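None of the values given here were measured: they were computed from a predicted structure. Scope of the values below: all heavy atoms of this structure, side chains included, with no hydrogens, waters or symmetry mates. Both ligands and their constituent atoms are indexed starting at 1 by order of listing. Note that the numbering runs from 1 along the sequence shown for the chain.
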Amino acid sequence: MQEISVTRSTNLKAKPADESALGFGRLFTDHMFIMDYVEGQGWKDARIVPYEPFAMDPAAMVLHYGQAIFEGMKCYRRADGGLQLFRPTDNLARMTRSAQRMGMPALDEETALEGLKQLIAIEADWVPHRDGTSLYIRPTMISMDVGLGVHASKTYRFFIILSPVGAYYKEGLKPVSIYVEDEYVRAVRGGVGFTKCAGNYAASILAGDIAEKKGFSQVLWLDGVEQKYVEEVGSMNMMFAYGNTIKTPMLNGSILPGITRDSILKLARQLGYETVEGRLDIHEIFEDAKSGKMTEAFGTGTAAVISPVGSLCMKDERVVLGDGGIGTLSQKLYDTLTGIQYGRLEDKNGWILKLS
Ligand SMILES: *Cc1c(COP(=O)(O)O)cnc(C)c1O
C-alpha cells in the first residue's frame, strides 16, 4: 500500500445549514483523494488535497474516447454518531472489473480504501445527521494521455469526491411509474453493460428524457437482441415478487451486478423467500401483473435502496402492480437493509465496515 500525503484546505466551506434540503450530488466537501497511474510505474502519488477543479489538456483522451468509469456508495451515520460503510471492498473490486473491460489498469484497491477512510476521517463533520441522509462517495477513474490516436492510454487518474445527500424518501417509500423502452437499448451481449462506465449513462439520457416528458420517472431497459427480456431500470436492478418467490434477471454481462441486488437477494433468502435468477420475458411480466400472479415489483440500487414500482407502461398498455402502492415485501426489505446500513439492525453478513 502507498503512503498517502495530506494537504489540508485553508479555506473550509460552510456546512449545509438545512439537511432537509440537501438533494443529490450538488454540494461537495472540502477535500478529495487522488492517485495517478503511469504505465510501467503503477499507481502513485496517493494524496488527499483540497477539492478544486482539475486542469486538463483539451486533447486528454477521456474527453474524446471516453475511458471513464465510476462507483457509487455511501457513508452512513449511526444513531450513536459513529460512521460506517456498506460493502466498500465490493465496490472497489467492481471498479477493477469495469477497468479491465475498458482497457484501463486494475485499481490499487488497498490504497483506494485507505484513502477513502482517511478522507472520511477528515470530512467526518460533512456526514449529515438527519434520518435517511448520508455522505455519497463517488470514486472515478479517467484516462489522461494527451493525443488523438485511438489506443489505451498510458496514464490514468483515480479520484474520490464526497457529497452530503438528502434522504431519498422524505415521507416513506414512494412507488414510481416506469416506461418500458422498446426502441432504444442500453447494452448488448459482449458490450460494456456490466461496467459502471460513463458512456452507459450517456447512451441512456435521451430515452430517460423522453420517458420523463411522458410523465414516467424511469425507463425499463429490455435486452439488446430481441427487446423482449427485462434488463434493468436506470441505475437500479429489477425484482418481481410472486408470493414467496422473488425473480430477477440473471447476471448476463449486459446488466450491472448491483451490490444492493446481491444484498437484497441474500436478505430475502435469510427471511425465508425463494430467489430465482433467470430470463424474464416482459410479456409474461405484463400478463402476471394483470392476473395478479405477480404481487410486487421493485428496483434496487445504492441511491434509493428499494424503489417500489406502482405501474408499468409499454407502448399504449399500462398495468398497475398490486394496489399501485408499496408492497409489504418492498417495505420489509427496505427496512431490513437500511436498518443494517444505519446500524439499527445487526449485520450478520459481515457487510459493515465501521469507521468510528
Ligand atoms: C450502479 C448501478 C446499479 C445499482 O448498483 P448498486 O451497486 O446496487 O448501487 C444498477 N444498474 C446500473 C446501470 C448502475 O449503474
Note down each nitrogen or oxygen pair, ligand 1 side and protein side, whose separation is under 3.5 Å; give only atom names and the distance to 0.1 Å.
unit_1   : atom_1 : unit_2 : atom_2 : d
ligand 1 : 7 (O)  : Arg94  : NH1    : 2.8
ligand 1 : 7 (O)  : Arg94  : NH2    : 3.1
ligand 1 : 7 (O)  : Ile259 : N      : 2.8
ligand 1 : 8 (O)  : Ile259 : N      : 3.3
ligand 1 : 8 (O)  : Thr260 : N      : 2.9
ligand 1 : 8 (O)  : Thr260 : OG1    : 2.6
ligand 1 : 9 (O)  : Thr302 : N      : 3.0
ligand 1 : 9 (O)  : Thr302 : OG1    : 2.6
ligand 1 : 11 (N) : Glu232 : OE1    : 2.6
ligand 1 : 15 (O) : Lys196 : NZ     : 2.7
ligand 1 : 15 (O) : Tyr201 : OH     : 2.3

Q) Salt bridge or not for Glu232 and Arg261, using N-O below 4.0 Å? A)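 Between Arg261 and Glu232 there is no salt bridge, as every charged N stays at least 4.0 Å from the carboxylate O atoms.
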Q.
Restricting to non-hydrogen atoms, name the atom on Leu83 and the atom on Cys75 that form the minimum distance, rounded to 0.1 Å.
A. CB-SG, 3.9 Å
Q) Which atoms form the tightest heavy-atom contact between Ala112 and Phe33, and what is the distance? A) CA-CE2, 4.4 Å
(Q) Over 60° means perpendicular and under 30° means parallel, so tell me whether Tyr334 and Tyr169 are parallel, tilted or perpendicular. (A)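 Rings of Tyr334 and Tyr169: perpendicular, over 60°.
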Q) For Phe159, which residues count as a ring pair (Phe, Tyr, Trp, His ring centres under 6.0 Å) partner, sequence neighbours excluded? A)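 Checked Phe159 against ring pair (Phe, Tyr, Trp, His ring centres under 6.0 Å); matches are Phe54.
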Q: Rounded to the nearest 0.5 Å, what's the gap from CE on Met104 to OH on Tyr37? Could you check?
A: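 One gets 11.0 Å once the value is rounded to the nearest 0.5 Å.
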